[in-house]
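To start, the structure under review is shown below, and the notes come after it.
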Amino acid sequence: MTIARSRIVDLQSTCWYHCISRCVRKAFLMADEVHDRKSWIDNRFKQLETIFAISVGGFSTMDIQLG
């Protein structure tokens, strides 16, 4: 069951939240050599920050090292 954001986020206690997300079934998102997906994700995230009423303290788009 989902919970309303107003019941989760309490700006009186803290204004910083740590969020993490990964690909479905741990799929390797950076696998496509035709498109630079990491740059696209970084740019899209910066764009969405300006659209929504949030400030981002920092973020990282990481891939795994094989071998």
Side-chain angles (χ1 to χ4, degrees):
M1 175 187 269
T2 59
I3 299 173
R5 186 169 294 138
S6 62
R7 301 179 100 195
I8 298 172
V9 175
D10 180 12
L11 295 177
Q12 299 303 318
S13 21
T14 184
C15 61
W16 296 101
Y17 287 88
H18 178 254
C19 303
I20 186 170
S21 183
R22 66 172 20 171
C23 293
V24 175
R25 286 181 243 119
K26 299 182 183 178
F28 188 54
L29 183 62
M30 311 300 172
D32 188 356
E33 295 177 7
V34 176
H35 303 287
D36 187 0
R37 290 183 181 177
K38 187 171 183 173
S39 293
W40 181 85
I41 292 169
D42 291 348
N43 292 333
R44 182 68 173 153
F45 190 68
K46 290 173 187 174
Q47 179 187 27
L48 292 173
E49 177 186 15
T50 63
I51 294 171
F52 296 99
I54 61 170
S55 294
V56 176
F59 71 94
S60 177
T61 306
M62 300 186 301
D63 54 2
I64 59 170
Q65 296 292 328
L66 298 176

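With sequence neighbours excluded, no residue satisfies side-chain hydrogen bond (donor to acceptor under 3.5 Å, both in side chains) with T50. F59 pairs by the side chain to side chain contact (heavy atoms under 4.5 Å, CB included) definition with D42, F45, K46, V56, T61, not counting sequence neighbours. Residues forming a side chain to side chain contact (heavy atoms under 4.5 Å, CB included) with Q12 (at least two apart in sequence, or on another chain): D10.
Under a cut-off of 6.0 angstrom, the local environment of CD1 in I51 is crowded, with over 12 non-hydrogen atoms contributed by other residues, nucleotides or ligands.
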